[in-house]
A.B. asks: 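Here you go, one structure.
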Amino acid sequence: MHELPVIQSILNIIVKHASMHRVKKVHSIGLSVGTLSDLEEEWMQKYFDHLSAGSVAEGARLRIEWVPAVLSCEECGNRFELDKTRMDGITCPACGKKKFSLVSGREYHIKDMEAE
Ligand SMILES: [Zn+2]
């Protein structure tokens, strides 16, 4: 259910942007979403349709581009993409250690917007 606040904040930005640029209608919105964000495309669109009703962005389609999660090894600094299907027992491909920090993968942001 955490799509709801995310979509609300995205919509707020879109509506603000639209009024600044005198946009009449928003057709689609490009979003970059990290694969670890736990957001689901289907729900994002559903919530968006619900929240955007009556606004300048009503009926706009979300174009979601999934961004892979990248880990950084705390031992050797190697960066590598996380394979989501093998979350258990991940080791650094360079040194074999198991201490990582997350570089990207949980974030989401608006890339572009198609409007008139
Ligand atoms: Zn390493």
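As the structure lists them, so they are numbered: ligands from 1, and atoms in each ligand from 1. Note that these values count all heavy atoms, side chains included, but never hydrogens, waters or copies made by symmetry. Start at 1 with the first residue, then count along the sequence. Only a predicted model underlies this, so the values are computations on that prediction, with no experimental measurement involved.
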A.B. asks: Is the backbone of G105 close enough, under 3.5 Å, to the side chain of E107 for a donor and an acceptor to pair up by distance?
C.D. replies: yes
A.B. asks: Report the residues that fulfil ring pair (Phe, Tyr, Trp, His ring centres under 6.0 Å) with Y108, sequence neighbours left out, ordered by chain and then residue number.
C.D. replies: none
A.B. asks: Supply the atom-to-atom distance L39 CG to L31 CG, rounded to the nearest 0.5 angstrom.
C.D. replies: 9.5 Å
A.B. asks: Side chains of K98 and C92: does their closest heavy-atom pair fall under 4.5 Å?
C.D. replies: no
A.B. asks: Going by chain and residue number, what protein N/O/S atoms come nearer than 2.8 Å to the Zn ion (ligand 1)?
C.D. replies: C73 SG, C76 SG, C92 SG, C95 SG
A.B. asks: Provide the full list of side-chain hydrogen bond (donor to acceptor under 3.5 Å, both in side chains) pairs with a residue in residues 59-68, sequence neighbours left out, each pair given once.
C.D. replies: S28-R63, E41-W66, R63-D112, E65-K111
A.B. asks: H17: which residues meet the ring pair (Phe, Tyr, Trp, His ring centres under 6.0 Å) condition with it, sequence neighbours left out?
C.D. replies: H21
